[in-house]
Amino acid sequence: MRWTATARDLTGYGSEEVCGRPVLELMAEVPDELRRLTRIPVSGQVRLRHKDGDTVEVTFQTAKVEGPAEFLVVAAPADHVADHLHGAALLRALSTQDRITIALHDTDLSIMQTNGTSSPIDGCAVQPGTRLYDVLCTEDAESIQTLLRQVLETGVPAARINQQVSWRLDPGRRRALSLSAFRLENALGHPTGVAALYLDDTDCVRARRHLDLTREVAERVGCSLDIVRTAQDLADVLVPAFGDLATVDLAQSVFDGEEPPKRLGGGDLRLHHAALAPTTAQWPARPQRGSLIPPFPDNPFLRSFQHGRTFVISAEEYRDVLGDARLSDFHVPPGCHSVLVAPLHARGLTLGAIAVWRCGRSASFDEDEVDLMTQIASRGALAIDNARRYTREHRAAVTLQQRLLPPATTETPAAQTAGLYRPAAGGAEISGDWYDAIALPSLRLALVAGDVVGHGMAATATMGRLRAAIQTLADLELEPDELLTRIADLVQRLAAEAPPGDNDIIGATCLYAVYDPITRRCTMASAGHPPPVLVRPDGTAEPVAISPGPPLALSGMPYETTMIDLEPASVLALYTDGLVEQGENDNADKLQRLTDMLAALCRPDRALDETGRALLADLVDTEPRDDATLLLARTRAVPAEDIAHWEIPDNPAAVSAARAWTARQLTRWDLEGLLSDTALIVSELVTNAIRYGRAPAELRLIRHHVLVCEVTDSSSTQPRLRRAHTTDEGGRGLFLVAQLAGRWGCRHGQNRKTIWSEQPIEHSPP
């Protein structure tokens, strides 16, 4: 028997202690099957004695030595053999995996052994000594080698590092790898290379990317009800997550909120460019947003697209389909190799098209991506169609709102006015904000600003009803507080008539002011409305200290009247809360900002409408969430030489004296042509004041574009026009006044009433 040093290390016995002795004496336990054998078995597992008294379980294998009658017995600890077998089985299993590539690199990072192939094209095995540069594209190989070199130098393993790579023989096909690497060492701990495991994670990464893209489309596309912004959001989501460049083209009617035409075939489809991503893309032939797309030729691709089919085509094939070089330059971006075109089809309508291009090393689109794009286009089309339908409804509401508003500018003896209206945007519905400038008798002017609660057509309709009611009550020449009280009663009736569940959203705020250019006094009352701002001729401005009453939805509570004197060329600004509730600042700060801007912009040499536009541009957000109205009135005054007063004595003889005074005044004003009719009107009005009224009484004549005759007394009796019978001795006075004057009426003040008439003056300025 011969004995090796390794055997001595395994059992603790030297060769002199075991050579020449039976092998069975080394065994701690001799199995019965070994006792029955007549020759040494080929392999097996036994327990050997150790010199220190312990036992060692070993696995052995024997082989017949050629020549002499000797056997070679190789034994190793059983646990080491098991580890080796398991490790070998693991390596065999890993080496047969298709998606896991194992590569052993030496210290200069050359591939010494691998189970992978160089590329999926030729399938040739990687030879020892191959570098990553021979398998992958240069930049991808450099990135991986940098990582492996770091593992080799530091000994710190790398786990699940994501890498995007392309094969050198197929650079257009990108793959996603998950790389793990650890350093190899010899028995002395010196590095001998790097073991790298490459897991092909392309399918998982693609599925995860598609899921993320679908979620992002759901989150971002459709957040706005603006058509162009929705189209741009759709294009932005797709770049660079899905392609390198994306365009969205829509039918012209979609921008207008209308349905696109239902037509098939080529020709002028009236498509307009809506969105491009990235917005910095260099595409010289592509027009600016909103430009008309040139007509398409009729071909099978176009007809299949119009039937709702998504298709993929290369740039060369697309140029062949278009057939015209100029048209190709317009539709095919430079540097791109393939395009995926999907129709924006919603509710049976083809709204437009979305095209996604890939350029450079990007791979062409596959069938899975076509299916994904079809889903994205469907969701995007619904968002665009929602924006289209909102645009249609929004425009209808804005049109109705603007039709219900008065002319933007007016010129009256009392004031020059300019009204401006800014509708809500960004998905907010139209509300019932309004303004009005109502010419009243005796050259006076009523100024109104109001805001109806709620949004949409219902609010606009309520606004129209309130505006009509205020105009009717204004013609009755009610005081501002009484007018608001009656309007509050009307709002209560409207709330009672509203459908169940809507009566609690019927309400409004309103500011009503009446300016008299004769007395230069403005009387106003507020129903929960913001105070007006007064800009004096010297440029100073301040909000009017007014005591607002309750909103118009609440009745039964009185309103308080405020009176202020206005110098000629003063500017009174009425507005709704949409002008001072933009952004996040405190409303008091915004009112102060409005006041400061009015002081800076309201110059005598600047038109009121220009001033109003500048205010709205600065104070209202780009996409306001609420309507905003602004009414500016620059006051005027009737010159003193155009006004004449006469105190009426309390006796019947005053009638002839009034006629004589009137004749002298009209002669002084060169209005002899009106002398006859005016004398009769004055006679009847003064007679009624003496007979039915109470002293003191006054006769006033006002000359402007009309001749105004007013008789005021201290009686609250309401005059009534009636047709007198033949036998009646009276009752013809007001009937005669109505026949001679262009119009007449009566207004009541505090402890007084005024009966007035107006006669047009020929050749007078408007």
Check: Just how far is it from atom SG of Cys522 to atom CG of Leu534, taken to the nearest 0.5 Å?
Finding: 9.0 Å
Note to self: Return the CG to OG1 distance between Leu608 and Thr409, rounded to the nearest 0.5 Å.
What the structure shows: 9.5 Å
Check: Is the number of heavy atoms from other residues, nucleotides or ligands under 6.0 Å of Arg465 CZ greater than 12?
Finding: no
Check: CZ of Arg752: more than 12 outside heavy atoms within 6.0 angstrom?
Finding: no
Note to self: Can you tell whether the side chains of Asp609 and Arg613 come within less than 4.0 Å, N to carboxylate O?
What the structure shows: yes
Item checked: Arg536 with Asp538: basic N within carboxylate O range, under 4.0 Å -> no
Note to self: Please find the pair of heavy atoms, one from Asp433 and one from Ala628, that lie closest to each other, and give the distance.
What the structure shows: OD2-N, 3.8 Å
Next item on the list: List the atom of Tyr559, the atom of Pro551, and the distance in Å for their closest heavy-atom pair.
Entry: OH-O, 3.6 Å
Next item on the list: Under the side-chain contact (heavy atoms from CB on, under 4.5 Å) rule, collect the residues that match up with Ala695, sequence neighbours excluded.
Entry: Asp650
Checklist line | Polar side chain donor-acceptor pair, Asp451 to Thr576, under 3.5 angstrom | finding: no
Next item on the list: For the residue pair Glu684 and Asn688, confirm or rule out a side-chain donor-acceptor distance under 3.5 Å.
Entry: no
Report yes if the side chains of [X] and [Y] come closer than 4.5 Å at any heavy-atom pair, otherwise no.
| X | Y | value |
| --- | --- | --- |
| Met524 | Tyr515 | no |
| Asp385 | Arg388 | yes |
| Gln471 | Val448 | no |

Margin query: Using side-chain contact (heavy atoms from CB on, under 4.5 Å), reason through Arg668 and Arg703 one step at a time and then give a plain yes or no.
Written below: CA-CA 11 Å; Arg668 190 177 299 114; Arg703 178 184 65 170; over 6 Å; no
Note to self: Let's go through Trp744 and Ile681 carefully: what are the C-alpha distance in whole Å and the side-chain angles of both, what is the deciding distance for side-chain contact (heavy atoms from CB on, under 4.5 Å) to 0.1 Å, and is it a yes or a no?
What the structure shows: CA-CA 10 Å; Trp744 75 279; Ile681 293 173; over 6 Å; no
Next item on the list: May I ask you to decide if Ser714's main-chain N or O and Arg694's side chain share a donor-acceptor pair within less than 3.5 Å?
Entry: yes
Item checked: Pairs flagged by side-chain hydrogen bond (donor to acceptor under 3.5 Å, both in side chains) wherever residues 440-450 is involved - sequence neighbours left out -> Ser442-Glu710, Ser442-Arg747, Arg444-Glu477
